[in-house]
Undergrad: 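Sharing a structure below in structure tokens format, with a few things to ask.
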Number of protein chains: 2
Amino acid sequence: MRRDTRLSGVLHVLLHMAEMDGPVTSETMAIIMRSNPATMRRTMAGLRKAGFVKSDKGHGGGWSIERPLSEVTLRDIYTWLDSPELFAMGNRTDAPGCLVEEAVNAALGSAYDEARTVLLDRFATVTLAQLSDDFHRRMGAHAEAVDQEITHDI
Amino acid sequence: MRRDTRLSGVLHVLLHMAEMDGPVTSETMAIIMRSNPATMRRTMAGLRKAGFVKSDKGHGGGWSIERPLSEVTLRDIYTWLDSPELFAMGNRTDAPGCLVEEAVNAALGSAYDEARTVLLDRFATVTLAQLSDDFHRRMGAHAEAVDQEITHDI
DNA sequence: AATTACGTATCATATAAAGGTACATGAGAC
DNA sequence: GTCTCATGTACCTTTATATGATACGTAATT
């Protein structure tokens, strides 16, 4: 099954947007994500509907973040993407009247529900600002590593 | 993405097998599951490799359960199916050198890991015997409901 | 008026689960 | 020994769906 990469992709884009000045066009996003403008527009549509980003047409137009990164969690983004299916495994439903199937699906279903709750609760604890901080921390560490390499070379 | 229904399907088959006497052929399984023999053989192959079921060729052949249902958990079955991917969402990897992507994937990855652990731990607490018990409980409840309906009709 | 950029419909492509067919191999029945 | 049954597995087709790609209408800026 092909995996849904919209959450990963849109987070990537948002963090890049946060580093850039002014609106970012779908075209630029597509280049960053090695995707295409139409796909970016589709993916961003839900975030706009939620008021987290806006899009402007015409010269100087593009996408802009409207709210502080510290106020938005991964769970918000997930919800705004229309809550994509989380699990790659599903229940057969070919025998809806079968009591065996009912028992199996009840057991699997409650396990999935529990895992879903854990995952979404975890998503709710991570803000975009935290992700951005982590990115900058990595930038710092990377710069140091590069410095050390240079030092070693000398 | 198309969901993987092997776990749900194989549990369904195993519980039916437990209710039947003697070996069950792939053909019979396929009828129960509205599938086909080749698919059943493929799915059961991992369980045979683990020694949980055996398959015999020739007259009177078919599949038989080799170990008590109380000794096998959902997690065992999941593992014997070669641990199929659990999540429908994945990370983009188009920009492996990008620190933003690293930060995003680290955050999502640890959330998925946590949810995976919860799900598999939960699977480990449920034995096939428990599932079978639940099925029989449903049978009883269903029989009572039918009795009541009949009483009402009279 | 021309250009830029989004909004969205439509079609194409890629991927993986599952469906299906075929045939070789091995085991019991006669 | 031969026939029939049933598995083991290779191979191809079908189906579902995320994503890629194109096109064109609409709105905003120059």
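Below, chain A is the first sequence line, B the second, and so on; all start at residue 1. Being a predicted model, the structure only gives us computed values, none of them experimental.
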Undergrad: Figure out the NZ/P separation between A:K54 and D:dA27, and round it to whole Å.
TA: 18 Å
Undergrad: Using a cut-off of strictly less than 4.0 Å, decide whether B:R48 has a side-chain nitrogen or oxygen near OP1 or OP2 of D:dG8.
TA: yes
Undergrad: Tell me the interatomic distance from A:M40, atom CE, to C:dG7, atom P, rounded to whole angstroms.
TA: 13 Å
Undergrad: Once you apply a heavy-atom cut-off of 4.0 Å, does B:R6 come out as touching a base, just sugar-phosphate, or nothing?
TA: sugar-phosphate
Undergrad: Do NZ/NE/NH1/NH2 and the carboxylate oxygens of A:R48 and A:E66 come within less than 4.0 Å?
TA: no
Undergrad: For nucleotides 22-30 of chain C, just jot down a letter per nucleotide in 5' to 3' order: B, S or -, based on protein non-hydrogen atoms under 4.0 Å.
TA: ---BBBBS-
Undergrad: Return no unless some side-chain N or O of A:T25 is found under 4.0 Å from OP1 or OP2 of C:dA5.
TA: no
Undergrad: Quickly work out the A:R3 CZ to D:dG20 P distance and round it to whole Å.
TA: 16 Å
Undergrad: Rounded to the nearest angstrom, tell me the gap between atom CG in A:N36 and atom P in C:dG7.
TA: 15 Å
Undergrad: Between A:D133 and A:R137, does any NZ, NE, NH1 or NH2 come within less than 4.0 Å of an OD or OE carboxylate oxygen?
TA: no
Undergrad: Charged N to carboxylate O below 4.0 Å: is that the case for A:R92 and A:E101?
TA: no
Undergrad: Per the atom types in the model, does the base of D:dG20 pair as donor or acceptor with the side chain of A:R34 at under 3.5 Å?
TA: no
Undergrad: Please report the distance, rounded to the nearest Å, between CE in B:M33 and P in C:dG20.
TA: 14 Å
Undergrad: Do we see a donor-acceptor contact under 3.5 Å between the side chains of A:T79 and A:D76?
TA: no
Undergrad: Measure from CD on A:E27 to C1' on C:dC6 and round the result to the nearest Å.
TA: 12 Å
Undergrad: Measuring to OP1 and OP2 of D:dT19, would you say a side-chain N or O of A:T5 lies under 4.0 angstrom away?
TA: yes
Undergrad: Under the salt bridge (Lys or Arg N to Asp or Glu O under 4.0 Å) test, which residues partner B:R41, sequence neighbours left out?
TA: none
Undergrad: May I ask you to verify if any side-chain N or O of B:T39 is less than 4.0 angstrom from the OP1 or OP2 atom of C:dG19?
TA: yes
Undergrad: We want to know whether A:S110 and B:R122 form a side-chain donor-acceptor pair, criterion being a heavy-atom distance below 3.5 angstrom.
TA: yes
Undergrad: For C:dG7, does OP1 or OP2 lie under 4.0 Å from any side-chain N or O of A:S55?
TA: yes
Undergrad: Taking CZ from A:F87 and P from C:dA16, how many angstroms apart are they, rounded to a whole number?
TA: 21 Å
Undergrad: May I ask you to decide if the ring planes of B:Y112 and A:F123 are parallel, tilted or perpendicular, using 30° and 60° as cut-offs?
TA: perpendicular
Undergrad: Please state how far atom CE in B:M89 lies from atom P in D:dT17, giving the value in whole angstrom units.
TA: 16 Å
